[in-house]
Amino acid sequence: MKIQLPTSVDAYLEDLKQLMDTSQPIISHYELQGHTIIIQMDSVPSDIFLCVGFRIRTTFKVTGATKSLLSVSEPQDRGSLCTKQFSYEQQELQRLCLGEQCQCMTAACATYRGDVDVTLTLDKRTNETCQPHIKYAYKVTVTKSAAEGDFMTYTATVDEVIKNTDKDFEGVRFGTVVDLVKKATCSGMDIQNNRQYLLMGASGSEVTLDNNYKYRLPLDSEAVLELWPTECSSPECRDYISQLDDFAESLQFSACR
């Protein structure tokens, strides 16, 4: 792993030393090259969640910092390189688990739109949905909710698949039941049962539960949840629904350019 430290951030490398000085070392070598930390591991388990972490300290405040780069590769396989940009200021992560199956979600809350916004034109919504980091867009109906510790989980049924560009979600189709997960502290999101929503997101996971699988989609800073009204009395609201329908139909037939 190569972890490029953001500007103004230093690492406590002694934390990594503790991962080597054990009877069963997690890492075999680490070093600092310039402002990049190199971590080598002899093996990675496939049956348990493994976290390699270290503390950091901020030496001075920076605004408008560029994103840093994390890369993971297998030295004997040149085609195995995987890279991802991250922002220290925006992408604080939390661990979300169902049994022993875990995923990461950003700590910040999703963008939530619970009111009719006439400024959201067809073009604006299409441009937002077609951003490269948005992997899926679904029209969903929330059916129930439950508290899970620090999180709230909403069970929803997919009514329409508007966008899907990730093979990890190719099993999601009309009628698929998914879980939407948000931090319990995201109180500004008024999600109600038996209401329809437009959901756009960049991440999620397929988890196995009782020999069945389901999709868990985080309502974090990379997601957008917008109320999709079903009944309206005002002309503005009826026009809003019409634009949402046109938006969904347009993407389903022509996709993102």
Side-chain angles (χ1 to χ4, degrees), residues 96-105 109-114 116 120 122 125-126 128-148 151-184 186 189-220 222-232 237-238 240-257:
L96 172 64
C97 298
L98 181 63
E100 296 183 352
Q101 302 174 80
C102 299
Q103 69 184 99
C104 288
M105 65 182 290
C109 304
T111 298
Y112 176 72
R113 300 171 184 149
V116 172
L120 277 172
L122 172 63
R125 189 178 280 107
T126 300
E128 181 180 47
T129 310
C130 289
Q131 293 298 313
H133 73 282
I134 296 296
K135 303 301 183 185
Y136 55 80
Y138 306 131
K139 179 182 180 181
V140 301
T141 297
V142 173
T143 57
K144 62 182 179 180
S145 60
E148 295 183 14
F151 299 94
M152 285 290 297
T153 298
Y154 299 88
T155 301
T157 302
V158 175
D159 300 319
E160 286 186 59
V161 176
I162 299 170
K163 175 184 178 180
N164 194 351
T165 60
D166 195 313
K167 64 179 182 180
D168 291 339
F169 306 113
E170 60 186 10
V172 178
R173 50 181 59 93
F174 172 77
T176 299
V177 176
V178 297
D179 283 345
L180 316 181
V181 185
K182 77 172 181 70
K183 286 182 59 182
C186 293
M189 303 177 68
D190 183 21
I191 305 174
Q192 300 180 23
N193 293 343
N194 303 315
R195 303 293 295 272
Q196 286 187 327
Y197 298 89
L198 169 63
L199 170 66
M200 294 180 275
S203 62
S205 64
E206 180 184 283
V207 296
T208 304
L209 187 65
D210 298 331
N211 295 323
N212 294 314
Y213 67 88
K214 61 168 30 180
Y215 293 90
R216 286 170 69 85
L217 310 176
L219 298 175
D220 59 8
E222 296 181 314
V224 177
L225 189 70
E226 178 179 349
L227 178 65
W228 194 310
T230 54
E231 296 181 358
C232 282
C237 183
R238 288 194 292 270
Y240 191 73
I241 294 178
S242 178
Q243 285 194 23
L244 279 167
D245 290 337
D246 290 344
F247 151 78
E249 184 178 0
S250 174
L251 279 185
Q252 286 173 333
F253 282 99
S254 60
C256 294
R257 293 187 178 89

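These numbers come from the heavy atoms of this one structure, side chains and all, not from hydrogens, waters or symmetry mates.
- Taking the side-chain hydrogen bond (donor to acceptor under 3.5 Å, both in side chains) definition, one finds that T153 meets it with E148, sequence neighbours left out.
- Judged by distance alone, with hydrogens and angles left aside, the side-chain atoms of D220 form no donor-acceptor pair with the main-chain N or O of K182 at under 3.5 Å.
- E226 pairs by the side-chain hydrogen bond (donor to acceptor under 3.5 Å, both in side chains) definition with R113, R125, Y240, not counting sequence neighbours.
- With sequence neighbours left out, the side-chain contact (heavy atoms from CB on, under 4.5 Å) criterion links C232 to P229, C237, R238, I241.
- Residue pairs satisfying the salt bridge (Lys or Arg N to Asp or Glu O under 4.0 Å) criterion with at least one member in residues 244-254, sequence neighbours excluded, are absent.
- With sequence neighbours excluded, the residues satisfying side-chain contact (heavy atoms from CB on, under 4.5 Å) with S250 are S254.
- Residue pairs meeting the side-chain hydrogen bond (donor to acceptor under 3.5 Å, both in side chains) criterion with at least one member in residues 129-140, sequence neighbours excluded, do not occur.
- Applying the salt bridge (Lys or Arg N to Asp or Glu O under 4.0 Å) rule to K163 yields no partners; only residues at least two apart in sequence or on another chain are considered.
- Taking N194 as the reference, nothing meets the side-chain hydrogen bond (donor to acceptor under 3.5 Å, both in side chains) condition, with sequence neighbours excluded.
- K214 places none of its side-chain heavy atoms less than 4.5 Å from the side chain of V177.
- Take N193 and apply the side-chain contact (heavy atoms from CB on, under 4.5 Å) test, not counting sequence neighbours, and it matches V142, S145.
- With sequence neighbours excluded, the residues satisfying side-chain hydrogen bond (donor to acceptor under 3.5 Å, both in side chains) with D159 are T141, Q196.
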